[in-house]
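I have placed the structure first, in the form of structure tokens, so that the comments after it can refer back to it.
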Amino acid sequence: MISKDKYRKILTVLAEFYPTAQTELVYHNGFELLVAVVLSAQTTDKQVNKVTPELFKHFATPEQLGQANLLEVESLINSIGLYRNKSKNIIKLAQIIHEQYHDELPTEKEDLLKLPGVGEKTASVVMGDYYHVPALAVDTHVARLAKRWDVVGDNASVEEVQKKLMELTPKKDWIVTHHRLILFGRYFCTARSPKCLNCELLTLCKYGKNRLKIK
Ligand code: SF4
């Protein structure tokens, strides 16, 4: 496994690459952020950003989205993956937010987790980005990088990845580190073609060294 020192060096390099990393999802309030994150599961942020302006133009508040016609919502977001299920979930979560929380986002993570379509990753992102509560959400990019850097073993679960990253990362940096890892994984250390030959992390990266057969 990677040492804490080496991992912290990786974080330093990433901080230089992405000093002000933040989500690429476009939103104007907490409700829009929550819906956008729910929609982003197994879909790119770019795809989500293409559908949300029209969605929020039609249904600007939890009350309006909660009363929306399912087929209409489906027609507005049908270019993204799993749109049928996501349509049901965002209507239902909008109803709950309107009825139980008076159109405000729940402030507790455990309450966010009870909403339809909201799992650990979504709740952590909302807690971090909206409430600024330290959270280090793990998505496919974050998990891949943690495995490539030997922070965790190849078979580690999402929960194990999250636990280990939170252990090694200063708590004050959890939120920005999540975004830095996503940007690095999305644009540089991609699943299919990581740019190892040009990577400043190569000497710290077990996967890259193995791939390029460097000792
Ligand atoms: S060396 Fe390759 S695998 Fe390792 S972090 Fe860089 S791009 Fe990713």
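Both counts, for ligands and for their atoms, begin at 1 and track the order of listing. Computed over heavy atoms, backbone and side chain alike; hydrogens, waters and symmetry mates excluded. Only a predicted model underlies this, so the values are computations on that prediction, with no experimental measurement involved.
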Distance under 4.0 Å to a non-hydrogen atom of Trp149: what atoms of ligand 1 satisfy this? 5 (S)
Distance only, no hydrogens: is a donor on one side chain within 3.5 Å (strictly under) of an acceptor on the other, for Thr169 and Tyr7? yes
Which residue pairs satisfy the ring pair (Phe, Tyr, Trp, His ring centres under 6.0 Å) criterion with at least one member in residues 17-41, sequence neighbours excluded? none
Total protein N, O or S atoms, atom 8 (Fe) of ligand 1, separation less than 2.8 Å: 1
Those residues at least two apart in sequence (or on a different chain) that pass side-chain contact (heavy atoms from CB on, under 4.5 Å) with Leu82 are Gln42, Lys86
Out of curiosity, does Met166 fall in the hydrophobic cluster containing Ile182 (side-chain heavy atoms, cut-off under 4.5 Å, transitive links)? yes
Only counting residues at least two apart or in another chain, list the ones meeting side-chain contact (heavy atoms from CB on, under 4.5 Å) with Lys6. Ile2, Ser3, Leu204
Identify whether the distance between the nearest side-chain nitrogen and carboxylate oxygen of Lys88 and Glu74 falls below 4.0 Å. no
